[in-house]
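Worth knowing before you read on, the calculation uses all heavy atoms, side chains too, and leaves out hydrogens, waters and symmetry mates.
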Amino acid sequence: MSAFQSGAPRFLRLGWFRSGLFWRTFFLLSVLTTLSMASWIGMINMVQRGPQVQQTAELVVSVVTITKAALTHSAPELRRELLFELVSNEGIRILPLEPDDKIEPPPSTPNMAEIAALVREKLGEDTRFSRRVNDVAGFWISFNIDGDKYWLMLERDRLMGLTRVQWIGWASVVGVLSVLGAALISSLVNLPLARLTAAARAIAQGERPAPLPEKGSKEIIQANRSFNQMVEDLAQVEKDRAVILAGISHDLRTPLARMQLEVEMANLSQEAREGMQSDIAQMDAIIGQFLDYAKPTESATFTAVDMSEMLAEIGREASRMPNMRVHCDIEPNVQVLGNAIDLRRVINNVIENARRYARTPGQDHTEVDITCQVKSTGHGRRAVITLADHGPGVPEDQIAQLLKPFTRLDTARGQANGAGLGLAIVERVLTRHNAQLNLRNREGGGLVVQLALPLAA
């Protein structure tokens, strides 16, 4: 492991961060918003600090100067009324400064130190400051009148800006709104991509998705329009291929029937007749495979299918074939959603492949094990059907080739007489059933074909 990988932040390895573009976009927008807010608050503090200190110092000097002048020039009998008016209207209290006053020093903040320095420049170096005098909270400042010392108290609200709690409150409100905005923006940005992903997944499952809306930004319109055109082209290609394969296969059966009749009427030896009849039967089977491969499977035809009963019936039919041994372990009452005819064709194709190419070594018969159970898979609870033969198996590097159309692995599975469409038909049908197909070699020899079908509701 590289040094970069070992030192990578833990959050970069979290599954939720890698799971989708929405969470990535949301996380990055949230981080960007948080950093922007922090930078904005820091900048506001730096820009506002100087003017706020200057303004506070000027306010304190003005209040002290005006109050001192008012008290100095007012008549003695009116000073009590003046003091009462200052308290009631201006929130200013004047008290004599006594030696035994209980004084708490002002807060040791950079702003307070600068305010005190500016005020002392105007009122004198002996000016004192306090945040609490005799347990009375406020902004206290001392001044002199003819040698007598007094305290002047201002309410803190007149001097202080936003408190720390208020800053946190406003920052929390802005942060919540920013996060909600980031979630909304992420949803709007990722919605077209989510629609495109869902439509592509539908195509992969053999379905035809609804047309994507051709609206939004220019790039989204072009992408959705191109995707819709691709869906139309694929559907047309599918229709053309089905028509061509069905037409060719259907037309070939007419001369085959005529050849079959001529073989019956020709003066041939029994061995020659049987050989030609076998060849004609193989050609007819190949044509049947073409028709099965070309035939579409519509999800509208899906119904609840009793897979347990179908597998038991197919097992009994296969056991009656010559040189076949079938062992069944089927869970009862397993209901799947699908087309019964197509699912029967899938199972029969797998068993027919095993009969042709998977004879048990050293025996004159083919053994096939059929199991059916309901299990939990990565796609939810599914009906898991396993068909395993006891033949020679397939080389590991060639298993994927089995699912390709017109592919035959003669060296692995004996002499092939078909068109190589058996498992291609199986995969094609299962894809349209939203099912999973898995091929692997069996321990002890043989090939295992596992199907996982969605259960009926």
- Heavy-atom count around Q363 CD within 6.0 Å, excluding the residue itself: above 12?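 Yes, CD of Q363 has more than 12 neighbouring heavy atoms, counting only those of other groups under 6.0 Å.
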
- Heavy-atom neighbours of M276 CE exceed 12 at 6.0 Å: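 Not more than 12 within 6.0 Å, no.
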
Could you measure the distance from the [atom1] atom of [X] to the [atom2] atom of [Y]? Nearest 0.5 Å is fine.
X: L451; Y: I385; atom1: CG; atom2: CD1; result: 5.5 Å
X: T303; Y: N339; atom1: OG1; atom2: CG; result: 7.0 Å
X: F302; Y: L343; atom1: CZ; atom2: CG; result: 7.5 Å
X: N348; Y: R355; atom1: CG; atom2: CZ; result: 11.5 Å

- Take F227 and I203 through the side-chain contact (heavy atoms from CB on, under 4.5 Å) test and state the conclusion after the steps. CA-CA 11 Å; F227 186 86; I203 290 180; 3.6 Å; yes

Could you tell me if the side chain of [Y] sits less than 4.5 Å from the side chain of [X], heavy atoms only?
X: R345; Y: D342; result: yes
X: R344; Y: E313; result: yes
X: I347; Y: L387; result: yes
X: M153; Y: V136; result: yes
X: N438; Y: R440; result: yes
X: E367; Y: D389; result: no
X: V448; Y: N441; result: no
X: L212; Y: R195; result: yes

- Query: Which is it for E427 and L437 under the side-chain contact (heavy atoms from CB on, under 4.5 Å) test, yes or no, and what are the steps along the way?
  - Reply: CA-CA 7 Å; E427 184 186 37; L437 173 64; 3.9 Å; yes

So which heavy atom on [X] is nearest to which on [Y], and how close?
X: P209; Y: A199; answer: CG-O, 3.7 Å
X: T366; Y: A354; answer: CG2-O, 3.3 Å
X: R359; Y: P392; answer: O-CD, 4.0 Å
X: S130; Y: I103; answer: OG-CG2, 3.4 Å
X: R131; Y: W140; answer: C-CD1, 4.0 Å
X: A340; Y: M310; answer: O-CE, 3.5 Å

- Task: Return each pair, listed once, that meets salt bridge (charged side-chain N to carboxylate O under 4.0 Å, His left out) where at least one residue sits in residues 210-229; pairs must be two or more places apart or across chains.
- Result: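 Counting only pairs at least two positions apart or across chains, the salt bridge (charged side-chain N to carboxylate O under 4.0 Å, His left out) contacts touching residues 210-229 are E214-R225.
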
For [X], which residues count as a side-chain contact (heavy atoms from CB on, under 4.5 Å) partner, sequence neighbours excluded?
X: L177; value: V173
X: E271; value: S269
X: T197; value: L193, R201

- Task: Might you work through the side-chain hydrogen bond (donor to acceptor under 3.5 Å, both in side chains) test for E232 and Q236, ending with a clear yes or no?
- Result: CA-CA 6 Å; E232 293 291 336; Q236 188 61 44; over 6 Å; no

- Message: For Y357 and L447: C-alpha separation, side-chain torsions, deciding distance, then whether side-chain contact (heavy atoms from CB on, under 4.5 Å) applies.
- Response: CA-CA 10 Å; Y357 315 128; L447 182 68; over 6 Å; no

- Item | Full working for side-chain hydrogen bond (donor to acceptor under 3.5 Å, both in side chains) between D233 and Q229 | CA-CA 6 Å; D233 294 343; Q229 184 61 47; 3.0 Å; yes

Could you tabulate the donor-acceptor pairs under 3.5 Å formed by side-chain atoms of residues 314-337, not counting sequence neighbours?
residue, atom, partner, partner atom, Å
S319, OG, G315, O, 2.8
E331, OE1, V374, N, 3.3

- Keeping the roles fixed (side chain from T386, backbone from Q450), state whether a donor-acceptor pair exists under 3.5 Å.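 Pair absent, no side-chain N/O of T386 close to backbone of Q450.
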
- Using the test side chain to side chain donor-acceptor pair (under 3.5 Å), find all partners of R442 that sit at least two apart in sequence or belong to another chain.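 With sequence neighbours excluded, R442 shows a side chain to side chain donor-acceptor pair (under 3.5 Å) to H390, given in chain and number order.
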
